[in-house]
Amino acid sequence: QVQLVESGGGLVQPGGSPRLSCAASGFTFSSYAMNWYRQVPGKERELVATITSTGGSTIYSDSVKGQFTIYRDNARNTVYLQMNSLKPEDTAVYYCNLIQRQWGIRNYWGQGTQVTVSS
């Protein structure tokens, strides 16, 4: 039922500023906080950013603070990650994430979108 579909990744140059999108369906999108994670091979998945259900509050990892912006459009059931001034260290698979706790913890992930920062 729950479906999260990321898009917007690809090969970008250092300094580029792509925007990732996560299209959500199968749940009441406006009732839940949403997260972006990223993962590189051999490393743990890293929480990048969190946004509250209304979009009124955001939290960023230290590694991307001031560089990335998470925002959402509840009318379109979409959460975005605007990435600015990309560096090779930002290369990763980026995942959209939903956590529901009403029925015990349920953790949902999209398929991920690859972002490769290279010249």
Side-chain angles (χ1 to χ4, degrees):
Q1 187 77 7
V2 171
Q3 190 170 32
L4 306 172
V5 181
E6 302 94 336
S7 62
L11 178 63
V12 298
Q13 295 181 343
S17 299
R19 185 183 71 172
L20 305 184
S21 299
C22 172
S25 61
F27 64 101
T28 305
F29 180 75
S30 61
S31 295
Y32 293 92
M34 297 294 296
N35 312 297
W36 282 99
Y37 283 76
R38 66 184 179 185
Q39 188 170 30
V40 300
K43 298 184 66 176
E44 294 184 349
R45 192 165 296 187
E46 174 193 15
L47 176 62
V48 172
T50 297
I51 187 167
T52 55
S53 60
T54 64
S57 184
T58 57
I59 302 174
Y60 299 93
S61 69
D62 289 341
S63 62
V64 306
K65 194 171 299 181
Q67 183 187 2
F68 293 179
T69 301
I70 185 171
Y71 63 100
R72 66 195 295 162
D73 186 341
N74 283 350
R76 299 182 184 273
N77 286 2
T78 303
V79 61
Y80 304 92
L81 186 68
Q82 177 66 59
M83 305 187 295
N84 298 315
S85 303
L86 285 186
K87 301 166 285 187
E89 309 92 85
D90 297 315
T91 295
V93 178
Y94 285 75
Y95 296 93
C96 183
N97 167 254
L98 163 70
I99 301 176
Q100 295 179 327
R101 296 179 171 88
Q102 291 88 342
W103 317 276
I105 297 176
R106 298 184 182 185
N107 206 20
Y108 298 94
W109 302 93
Q111 294 298 307
T113 184
Q114 175 73 47
V115 175
T116 301
V117 184
S118 177
S119 59

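Along the sequence shown, residues carry numbers from 1. Since this is a predicted model, take the numbers as computed values, not measurements.
Chaining together hydrophobic side chains whose heavy atoms lie under 4.5 Å apart places I99 alongside I105.
Taking every heavy atom of both residues into account, L98 and A33 meet most closely at CD1-O, 4.0 Å. A pairwise comparison of heavy atoms in Q114 and A92 identifies NE2-O, 3.5 Å as the closest pair. Minimum interatomic distance between L4 and M34 (heavy atoms only, all atoms of both residues): CD2-CE, 3.9 Å. Minimum heavy-atom separation, S53 to N74: O-ND2, 3.0 Å. Pairing each heavy atom of T54 with each of R72, the nearest pair is C-CD, 4.4 Å. In terms of heavy-atom proximity, Y60 sits nearest to K65 at O-CE, 3.6 Å.
Between Y94 and M83, the closest side-chain pair of non-hydrogen atoms falls below 4.5 Å. Inter-residue side-chain proximity for C96 and N35 is flagged as unmet; no heavy-atom pair is nearer than 4.5 Å. When side chains are defined from C-beta on, I70 does not count as touching Y80, because their heavy atoms never get closer than 4.5 Å. Under the 4.5 Å side-chain criterion, counting only non-hydrogen atoms from C-beta, Q111 is not in contact with S7. By the 4.5 Å heavy-atom criterion applied to side chains, T52 and T58 are not counted as neighbours. A 4.5 Å side-chain heavy-atom check between W36 and E6 finds at least one atom pair inside the cut-off.
Under the ring pair (Phe, Tyr, Trp, His ring centres under 6.0 Å) criterion, F29 pairs with no residue at all, not counting sequence neighbours. By the salt bridge (charged side-chain N to carboxylate O under 4.0 Å, His left out) test, R76 pairs with D73, sequence neighbours left out. The ring pair (Phe, Tyr, Trp, His ring centres under 6.0 Å) check on Y95 picks up nothing, with sequence neighbours excluded.
We find the CG-CD distance between N77 and Q3 to be 12.0 Å, quoted to the nearest 0.5 Å. To the nearest 0.5 Å, atoms CD1 (I51) and OG (S57) are separated by 8.5 Å. In this structure, the separation between CD on Q100 and CZ on F27 is 7.0 Å, given to the nearest 0.5 Å. Summarising the geometry, atom OG1 belonging to T116 is positioned 13.0 Å from atom CD belonging to Q13; distances are rounded to the nearest 0.5 Å. Of the inter-residue distances, the one linking R38 atom CZ with E44 atom CD reads 14.0 Å to the nearest 0.5 angstrom.
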For residues 14-25, please give each side-chain donor-acceptor pair under 3.5 Å, one per line with the distance, not counting sequence neighbours.
unit_1: S17; atom_1: OG; unit_2: N84; atom_2: OD1; d: 3.4
unit_1: R19; atom_1: NH1; unit_2: Y71; atom_2: OH; d: 3.0

The test is side chain to side chain contact (heavy atoms under 4.5 Å, CB included); show your working for S118 and L11 and say whether it passes. CA-CA 7 Å; S118 177; L11 178 63; 4.0 Å; yes
V93 vs R45, side chain to side chain contact (heavy atoms under 4.5 Å, CB included): CA-CA, chis, key distance, verdict: CA-CA 9 Å; V93 178; R45 192 165 296 187; over 6 Å; no
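The hydrophobic cluster containing V5 does not contain V79, counting ILVMFWY residues as joined when their side-chain heavy atoms lie under 4.5 angstrom apart, directly or transitively.
Each ring pair (Phe, Tyr, Trp, His ring centres under 6.0 Å) pair with one or both residues in residues 100-119, not counting sequence neighbours, appears once here: Y37-W109.
We find that K87 and D90 are not joined by a salt bridge, their nearest charged nitrogen and carboxylate oxygen being 4.0 Å or further apart.
In this structure, Q39 places its CD atom where more than 12 heavy-atom neighbours from other residues, nucleotides or ligands lie under 6.0 Å away.
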